[in-house]
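Side chains are part of it too, since the values below use all heavy atoms of this structure and drop only hydrogens, waters and symmetry mates. Since the model is a prediction, treat every value here as computed from it, not as a measurement. Counting convention: from 1, in listed order, for ligands and their atoms alike.
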Amino acid sequence: MFAVTADRIDASDPMAGLGLGEHPDPEPAPGWTTVQVRAAALNHHDLWTLKGVGISQDRLPIVLGCDAAGIDEDGRAVIVHAVIGDPAAGGGDETLDPRRTLLSERYDGTFAEAVAVPRRNLVPKPAELSWAEAACLPTAWLTAYRMLFTRSGLSPGDRVLVQGAGGGVATALIVLAKAGGFEVYATSRDGAKRERALSLGADAVFEPGARLPERVDAVMETVGQATWDHSLKSLKPGGRVVVCGATSGANPPAQLNRVFFLQLSVVGSTMGTLGELDRVAQMCARQGLVPLVDTTYDLREARPAFERLAAGEVFGKIVLTNHA
Ligand SMILES: NC(=O)c1ccc[n+]([C@@H]2O[C@H](COP(=O)([O-])OP(=O)(O)OC[C@H]3O[C@@H](n4cnc5c(N)ncnc54)[C@H](OP(=O)(O)O)[C@@H]3O)[C@@H](O)[C@H]2O)c1
């Protein structure tokens with residue numbers, strides 16, 4: 001089958017290790033099944049893999065991609081859950097299984113004509129979403145859902161700040177936060193992206209680092225080092241910063257004085273459970289929420305899609321489609 005793979009690791013030139021071509025068909029293990037991929041969304045995770053973050057050379061070549069929507073062996077339209085883990089080993093939450101892995105880390109991922117996954121890792125695709133829109137849910141939208149509704153401690157009516165509005169997770173956060181009844185502030189480096197954040201539902205937008213008219217109950221962090229100082233300064237006493245990523249760097253000054261004096265909470269969040277994926281899909285269907293697709297490319301034209309993601313030009317999700 002055709003597949004997009006990480007063939008080697010190159011931290012300074014990640015595109016150099018990107019492979020496009022033939023790859024062995026999936027051979028599902030007992031309890032696993034095969035999904036014919038119709039659409040698969042790109043994530044920053046795919047770039048991290050090419051840079052060697054979270055993977056070692058001995059796992060390569062490996063098919064990239066965490067997210068997919070497609071057709072299962074029974075002909076059903078499904079969304080693939082990217083977290084391979086045992087809920088029992090994680091106290092009922094597969095994201096807390098110490099042996100948890102994501103598609104494309106130990107097992108071949110979704111940027112291929114077909115992908116093998118555990119049978120439990122499928123949820124129905126809502127008819128209201130296109131293949132490309134549904135393919136945005138398993139990583140960016142699931143992560144945003146868990147950050148906001150499981151990890152943030154926010155109640156409807158609270159105020160939340162979303163940093164780096166243009167990102168895949170950030171656009172999902174804005175839409176879901178608005179639908180969840182929060183007042184939504186967002187920052188972006190780019191004026192046009194700030195305007196688009198308003199059209200997505202943000203109540204007010206700001207340049208990175210700008211003083212906010214009022215402090216917020218929680219900050220949703222995906223940018224990391226570049227925005228961390230602003231995130232901590234923007235919180236009310238007792239506020240919470242929920243962090244799922246650190247695109248611009250993972251080691252900003254910790255500002256421990258501010259953390260303890262204002263009794264702030266720093267909370268990590270990663271992906272979500274199968275149940276949360278099903279709930280975010282149902283929420284989209286019921287409330288008419290549509291994942292924002294920045295651009296789509298044919299699976300066989302994946303290279304410019306990766307270059308666009310790496311350039312940080314996106315507003316929403318880049319999706320690869322498979323028409324073969
Ligand atoms: N833990 C998890 O489960 C999980 C799941 C998904 C993603 N993540 C992580 O979360 C991060 C975001 O993922 P994504 O897929 O949403 O990435 P993305 O689509 O590439 O978005 C990144 C956004 O961050 C902002 N940004 C990047 N560099 C910046 C800088 N130097 N200063 C200010 N803003 C900057 C930009 O927003 P503006 O251009 O609007 O400023 C950009 O659009 C990644 O690090 C990813 O690995 C983690």
Side-chain angles (χ1 to χ4, degrees), residues 14 41-51 53-55 64-67 81-83 85 93-96 100-105 135-148 150-151 161-176 185-198 200 202 205-210 219-231 242-250 252 267-273 276-277 280 291-295 305-319:
L42 257 71
N43 291 289
H44 230 88
H45 186 277
D46 304 306
L47 284 177
W48 293 128
T49 301
L50 290 166
K51 290 181 180 176
V53 178
I55 197 155
L64 290 163
C66 299
D67 300 348
H81 183 38
V83 181
D93 181 335
E94 64 268 32
T95 68
L96 299 177
R100 171 206 80 202
T101 183
L102 303 187
L103 283 175
S104 80
E105 290 178 349
C136 300
L137 297 183
T139 297
W141 280 66
L142 174 62
T143 300
Y145 180 94
R146 184 177 174 93
M147 290 172 78
L148 280 171
T150 309
R151 303 290 284 156
L161 170 65
V162 178
Q163 299 280 21
V169 178
T171 50
L173 282 165
I174 292 170
V175 174
L176 290 173
Y185 287 173
T187 66
S188 174
R189 299 167 295 179
D190 182 85
K193 288 188 189 181
R194 289 196 293 276
E195 285 302 312
R196 294 192 68 186
L198 285 174
L200 272 186
V205 289
F206 306 91
E207 292 184 17
V219 180
M220 301 296 120
E221 249 302 349
T222 63
V223 179
Q225 199 152 327
T227 49
W228 189 250
D229 178 71
H230 184 239
S231 292
V242 183
V243 54
C244 84
T247 307
S248 63
V267 177
S269 196
T270 280
M271 302 296 283
T273 63
E276 286 168 326
L277 178 60
V280 72
L292 187 73
V293 176
D294 173 272
T295 29
F306 273 78
E307 284 163 356
R308 183 166 172 80
L309 184 71
E313 294 165 359
V314 294
F315 192 84
K317 298 295 294 173
I318 297 172
V319 180

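The salt bridge (Lys or Arg N to Asp or Glu O under 4.0 Å) contacts involving residues 163-174 comprise nothing, where partners must be two or more places apart or lie in separate chains.
Ala170 pairs by the side-chain contact (heavy atoms from CB on, under 4.5 Å) definition with Val162, not counting sequence neighbours. By the salt bridge (Lys or Arg N to Asp or Glu O under 4.0 Å) test, Glu94 pairs with Arg120, sequence neighbours left out.
Exactly one residue among Thr150, Asp93, Leu96, Val83 makes a side-chain contact (heavy atoms from CB on, under 4.5 Å) with Thr273. That residue is Asp93.
Closer than 4.0 angstrom to ligand 1 by heavy atom are His44, Trp48, Thr139, Thr143, Gly164, Ala165, Gly166, Gly167, Gly168, Val169, Ser188, Arg189, Lys193, Thr222, Val223, Ala226, Cys244, Gly245, Ala246, Thr247, Ser248, Ser269, Thr270, Met271, Leu309, Val314, sorted by chain and number.
Under 3.5 Å, the side chains of Gln163 and Ser231 contain a donor-acceptor pair of N or O atoms.
The environment of CD in Glu207 is sparse: at most 12 heavy-atom neighbours from other residues, nucleotides or ligands sit within 6.0 Å.
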